[in-house]
Amino acid sequence: QSGWLFDLTRPWVNGKPPANRVNGWWTGYPLCRDMHCAYTQGSAVYYLLKSALALRAEGQPVPPAWLEAAFGTLDTAIGLQREDGNFGFSYALDKAQVLDWHGFAGCWLAAACALAWQWDQQDSYLRAAQKALPFYHAFVCELSCRGTPMDTWKSVDEEGNLAFIKLARHLHEASGASETLEAAVDSAHYEMLWRYGYRTRPPAPPLSETDWNACGGSITSVSNPHAHPMALIITGELLWLADATCDGYWRDRAEDAVKWIMQCMELYPEVSRYGSYGVLTERFCPSDGLLIEKFDDGTPSSLWFSYNGWAAAAALEGILEWMLDKHRVFRDHNEVSLKLNPA
């Protein structure tokens with residue numbers, strides 16, 4: 001009835017669907033209980049379309065259900081989009097209606113609209129993305145992106161801005177307009193304000209017992225003072241920005257994050273004391289903030305004893321984007337060398 005996707009997946013029991021497919025880990029936060037959330041909707045559709053475009057580029061078939069889900073959801077979003085470009089924060093369950101307008105999470109829907117235009121050049125998606133850009137850009141310029149993660153009570157956060165740099169990049173690829181490149185630069189600067197540019201001294205093990213370095217890791221929000229892998233998902237955008245601006249600074253910062261996540265993965269399982277190879281938590285505590293996980297003897301741990309699929313996926317996305325860029329640079333260098341030295 002709402003026109004949105006279910007926000008999470010739960011198993012069917014005895015041939016019957018679960019009673020609730022909306023309330024996930026964020027159930028304890030009344031701001032987003034019993035409603036659809038822009039963060040889950042927008043990011044899901046964005047990655048459906050990114051995957052579809054990747055398959056098409058490789059000449060592979062794209063599952064029709066992916067496109068039906070993605071475009072149907074975006075059509076609902078566009079039908080509700082305000083004239084100022086805002087997509088809203090949360091939505092009703094039984095009809096296409098915005099429940100809460102205040103928040104940055106809808107920027108993921110704008111980024112998905114820009115990808116939707118890449119699929120078939122339908123003007124309605126490009127117009128929706130272009131209309132959203134100045135609305136969300138204002139929050140970035142004020143350094144106050146707020147209302148993306150569902151557990152931060154809309155405090156200022158790092159995560160929402162990641163959608164914005166994707167939006168700005170895709171719009172620049174579509175039009176080449178200078179304001180879209182400027183928006184991407186502003187977004188990248190905002191991200192750098194959340195990244196450690198120096199090594200901290202973690203007060204708790206296991207990080208305190210290693211040569212782990214906080215440099216390149218990003219803080220999640222002003223409510224959660226821990227570093228997480230989320231920023232790896234804009235590795236491709238930072239590498240693109242380095243080329244678009246002819247500024248190698250952004251390539252260096254992208255590499256910082258890749259090196260940071262590589263050393264994080266090397267902690268498992270011998271140093272982390274839990275999990276196995278391929279496991280990755282979302283929470284690394286470079287300071288005394290959020291030291292709430294405990295070892296069996298009651299002492300605090302600087303790692304969260306939890307495997308997070310999204311964290312591993314973000315790490316993989318960043319590493320793969322970085323590797324593809326290295327391959328591209330190497331290939332281009334060889335092509336130039338062959339032209340200069342045909343023998």
Side-chain angles (χ1 to χ4, degrees), residues 39 42-58 60 70 107-119 129 133 136 140 145 148 158-177 180-192 194-195 216-218 228-262 264-265 280 309-333:
Y39 197 3
S43 55
V45 172
Y46 180 87
Y47 279 102
L48 271 175
L49 290 170
K50 183 173 182 177
S51 301
L53 287 163
L55 285 176
R56 187 171 73 173
E58 295 173 359
Q60 300 295 321
C107 190
W108 273 108
L109 290 164
C113 283
L115 277 191
W117 179 83
Q118 288 189 16
W119 181 265
L133 184 78
Y136 293 106
V140 175
C145 299
T148 296
E158 176 257 358
E159 294 181 35
N161 173 61
L162 304 178
F164 184 76
I165 193 171
K166 290 178 178 292
L167 168 63
R169 174 194 179 172
H170 298 319
L171 286 180
H172 187 73
E173 291 171 336
S175 68
T180 58
L181 184 59
E182 292 167 4
V185 171
D186 289 342
S187 181
H189 281 300
Y190 182 90
E191 164 61 24
M192 294 309 126
W194 297 92
R195 290 196 182 185
S218 298
H228 69 160
M230 179 69 78
L232 268 295
I233 69 173
I234 64 164
T235 301
E237 278 64 42
L238 292 178
L239 295 170
W240 162 81
L241 191 61
D243 291 337
T245 60
C246 299
D247 188 348
Y249 171 83
W250 301 116
R251 180 166 276 104
D252 291 343
R253 300 292 72 77
E255 190 162 324
D256 285 344
V258 172
K259 290 179 178 178
W260 177 81
I261 201 63
M262 293 292 284
C264 289
M265 292 191 292
L280 191 64
W310 74 260
L316 287 170
E317 184 174 0
I319 293 168
L320 288 170
E321 293 278 13
W322 179 76
M323 290 174 64
L324 287 169
D325 181 72
K326 289 290 185 183
H327 175 73
R328 179 184 60 80
V329 172
F330 179 74
R331 181 198 62 209
D332 292 348
H333 173 75

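Not counting sequence neighbours, Trp117 has no partner by the ring-ring contact (aromatic ring centres under 6.0 Å, His included) test. Ala116 is linked by a side chain to side chain contact (heavy atoms under 4.5 Å, CB included) to Leu49, Phe71, Leu74, Tyr125, counting only residues two or more places apart in sequence or in another chain. Remark: Glu321 pairs with Lys50 by the side chain to side chain donor-acceptor pair (under 3.5 Å) rule, at least two apart or across chains. A search for salt bridge (charged side-chain N to carboxylate O under 4.0 Å, His left out) contacts involving Glu191 returns Arg195, not counting sequence neighbours. Every residue two or more places apart in sequence or in another chain that forms a side chain to side chain donor-acceptor pair (under 3.5 Å) with Tyr47 is listed here: Glu317. Every side chain to side chain donor-acceptor pair (under 3.5 Å) that Arg253 has, sequence neighbours left out, goes to Asp256. For Thr235, there are no side chain to side chain donor-acceptor pair (under 3.5 Å) partners, not counting sequence neighbours. Take Asp252 and apply the side chain to side chain contact (heavy atoms under 4.5 Å, CB included) test, not counting sequence neighbours, and it matches no residue. Checked against side chain to side chain contact (heavy atoms under 4.5 Å, CB included), Ala44 has the following partners two or more places apart in sequence or in another chain: Leu5. Residues forming a side chain to side chain contact (heavy atoms under 4.5 Å, CB included) with Ala313 (at least two apart in sequence, or on another chain): none.
The two residues Leu238 and Ala188 have their closest heavy-atom pair at CD2-CB, 4.0 Å. Residue Tyr39 comes nearest to Thr148 through the heavy atom pair CD2-O, 3.3 Å, listed as atom of the first residue, atom of the second, then distance. When all heavy atoms are compared, the tightest approach of Pro229 to Leu280 is CG-CD2, 4.1 Å. Across all their heavy atoms, Ala129 and Ala110 have their closest contact at CB-O, 3.6 Å.
Annotation: side chain of Tyr136 is not in contact with side chain of Cys145 (no heavy-atom distance under 4.5 Å). Looking only at side-chain heavy atoms (C-beta outward), Arg251 and Asp243 come within less than 4.5 Å of each other.
The side-chain contact (heavy atoms from CB on, under 4.5 Å) test with Ser187 is passed by exactly one of Ile234, Leu162, Leu167, Ile165: Ile165.
Among residues at least two apart or in separate chains, there is no side-chain hydrogen bond (donor to acceptor under 3.5 Å, both in side chains) pair with a member in residues 107-116. Listed by first and then second residue, the salt bridge (Lys or Arg N to Asp or Glu O under 4.0 Å) pairs involving residues 228-242 are Lys166-Glu237, Arg169-Glu237 (not counting sequence neighbours).
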